[in-house]
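All remarks here apply to the structure that follows.
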Amino acid sequence: MTKHAAVMIAPGCEEIEALTPVDVLRRLGVDVDMVGLFDLDVMGAHGIQLKCDQVMSDHLLDYDIVIFPGGSKGAENLRDSDELMHLIQQRNAQGKWNAAMCAGPMALARFGLLDHHRYTCFPGVEKKFEDQLEGATRLDDIVVVDEDGKIITSRGPATAMAYAFKIAEILGVDPEVQKEAMQYNYLKTQMRK
């Protein structure tokens, strides 16, 4: 059965964090939609124009996972959307997966999804929201999966590939073929030396 993912695209998003999951998951046969928070055309943090497939609606409830990139301004735009908050809270209540990386966990914090769960984020970003959290544990891992909260978090631009492959694993998609094709296994081997 084909899995379905949505990547939320907000003005000021970190482009590599938005597009890496789209690219990796599509290569693995996942149906991925780029969903604009406000519009179909979105300007990223580094002046790259992104064209979305659709604009946010109640259809977010239908996806197997919703993915938040970081980028300070993009994450703030996600965090400040009451409509997005209500949709993600509904997804969470239904036991559906949500993911955020870099500064993106600040949105999950406001939405109440990090309370009593493990997460990671770009170092220092937690200072913007840790006083809002109850019983959350921040880890320094590259990617953190909290099975109980159905949350996947990651640290920043360089961790986008690991994050995308972990999302694939959580969706039940075997990422090994693309890890080899994209030279990810080679990179991991070289990093251990």
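Quick caveat: nothing in here was measured; it's all calculated off a predicted structure.
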May I ask you to test the [X]-[Y] pair for a side-chain heavy-atom distance under 4.5 Å?
X: M106; Y: E76; answer: yes
X: I88; Y: V66; answer: yes
X: F129; Y: L114; answer: yes
X: L19; Y: M34; answer: yes
X: L171; Y: I65; answer: yes
X: L25; Y: V173; answer: no
X: R118; Y: R138; answer: no
X: P11; Y: M43; answer: no

Which pair of heavy atoms, one from [X] and one from [Y], lies closest together, and at what distance?
X: A109; Y: L133; value: CB-CD2, 3.7 Å
X: P105; Y: A100; value: N-CB, 3.7 Å
X: A6; Y: L60; value: CB-CD2, 3.9 Å
X: A103; Y: V125; value: CA-CG1, 3.9 Å

Rounded at 0.5 Å granularity, tell me how far CG in D82 sits from CG in L87. 11.0 Å
Let me confirm one number: the CD-CE distance from Q183 to M161, rounded to the nearest 0.5 Å.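 Going from the CD atom of Q183 to the CE atom of M161 covers 10.5 Å.
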Which pairs, with at least one residue in [range] and sequence neighbours excluded, count as a salt bridge (Lys or Arg N to Asp or Glu O under 4.0 Å)?
range: residues 33-52; result: D41-K51
range: residues 85-100; result: none
range: residues 6-22; result: none
range: residues 157-171; result: K166-E169, E169-K179

Heavy-atom donor-acceptor pair, [X] side chain to [Y] backbone, under 3.5 Å:
X: T159; Y: A162; result: no
X: Y163; Y: I142; result: no
X: N98; Y: I151; result: no
X: R155; Y: C102; result: no
X: T120; Y: L139; result: yes

Does one side chain, of D31 or H4, offer a donor that lies under 3.5 Å from an acceptor on the other?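 Yes, a side-chain donor-acceptor pair sits under 3.5 Å.
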Would [X] and [Y] show up in the same hydrophobic cluster when neighbours are defined by side-chain heavy atoms closer than 4.5 Å?
X: M101; Y: V143; result: yes
X: V32; Y: I16; result: no
X: I67; Y: W97; result: yes

Intermediate values then yes/no, salt bridge (Lys or Arg N to Asp or Glu O under 4.0 Å), R26 and D53: CA-CA 14 Å; R26 285 183 179 173; D53 302 301; 3.3 Å; yes
Given V7, which partner from the list C13, C52, P69 fulfils the side chain to side chain contact (heavy atoms under 4.5 Å, CB included) test? P69
Would the number of heavy atoms belonging to other residues, nucleotides or ligands and lying under 6.0 Å from NE2 of H116 be above 12? yes
Quick one: salt bridge (charged side-chain N to carboxylate O under 4.0 Å, His left out) partners of K127, sequence neighbours excluded? none
State which residues pass salt bridge (charged side-chain N to carboxylate O under 4.0 Å, His left out) with D141; sequence neighbours excluded, sorted by chain then number. none
So F111 and F68, would you call those rings parallel, tilted or perpendicular, with 30° and 60° as cut-offs? perpendicular
Presence of salt bridge, K150 and D148, under 4.0 angstrom: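 A salt bridge is absent here (no side-chain N lies under 4.0 Å from a carboxylate O).
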